[in-house]
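Every value quoted in this text rests on a predicted model; they were computed, and no experiment measured them.
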Amino acid sequence: MEKVYKKVELVGSSPESIEAAIQEALRRAAKTLRHLDWFEVQEVRGLIGENGVKEYQVVLKVGFRLEE
C-alpha cells in the first residue's frame, strides 16, 4: 500500500539546547498529530541574553502519514 505524507512547519524553543528545542516541538506536535514519522531541521537560531544564549529556536518540518 502506498503512503501519503503531509509536512507541517514547527518552531521549537528551549533555554537548554538545540536538542531540547527539537524534542519539545515533537512532543507538542504528538499531542494533536498522529503518525509522525520524520523531521527535517530547516533553521537554527536563538535569542541572545546578557550572559550569552538565552533561548535556542529550531525550525522543523515534520512529516506525518495521512490516514485512509
Who clusters with Val11? Use side-chain heavy atoms, under 4.5 angstrom, across I, L, V, M, F, W and Y, and order the result by chain and number. Val59

Pick from Lys3, Arg34, Lys6: which one makes a salt bridge (charged side-chain N to carboxylate O under 4.0 Å, His left out) with Glu67? Arg34

Of all heavy-atom pairs between Lys54 and Gly49, which one has the smallest distance, and what is that distance? CB-N, 3.7 Å

Shortest non-hydrogen contact between Arg65 and Asp37, atoms and distance: NE-OD2, 3.3 Å

Pair Glu43 + Arg45: basic N to acidic O under 4.0 Å: yes

With hydrophobic residues grouped by side-chain heavy-atom distances under 4.5 Å, do Ile48 and Tyr56 end up in a single group? no

Is there a continuous path of hydrophobic side-chain contacts, each under 4.5 Å between heavy atoms, that joins Leu10 to Val44? yes

For Leu66, does the CG atom have more than 12 heavy-atom neighbours from other residues, nucleotides or ligands under 6.0 Å away? yes

Decide side chain to side chain contact (heavy atoms under 4.5 Å, CB included) for Val8 and Lys61; before the verdict, give the C-alpha distance in whole Å, the side-chain angles of both, and the deciding distance to 0.1 Å. CA-CA 6 Å; Val8 295; Lys61 289 203 176 170; over 6 Å; no

Leu47 vs Val53 side-chain heavy atoms within contact, under 4.5 Å: no

Do Trp38 and Tyr5 make a side-chain contact, defined as non-hydrogen atoms from C-beta onward lying under 4.5 Å apart? yes

Which atom pairs, one a donor and one an acceptor, fall under 3.5 Å between side chains of residues 15-31 and the rest of the protein, sequence neighbours left out?
{"residue": "Ser17", "atom": "OG", "partner": "Ala20", "partner atom": "N", "Å": "3.0"}
{"residue": "Glu24", "atom": "OE1", "partner": "Arg27", "partner atom": "NE", "Å": "3.0"}
{"residue": "Glu24", "atom": "OE1", "partner": "Arg27", "partner atom": "NH2", "Å": "3.3"}
{"residue": "Glu24", "atom": "OE2", "partner": "Arg27", "partner atom": "NH2", "Å": "2.8"}

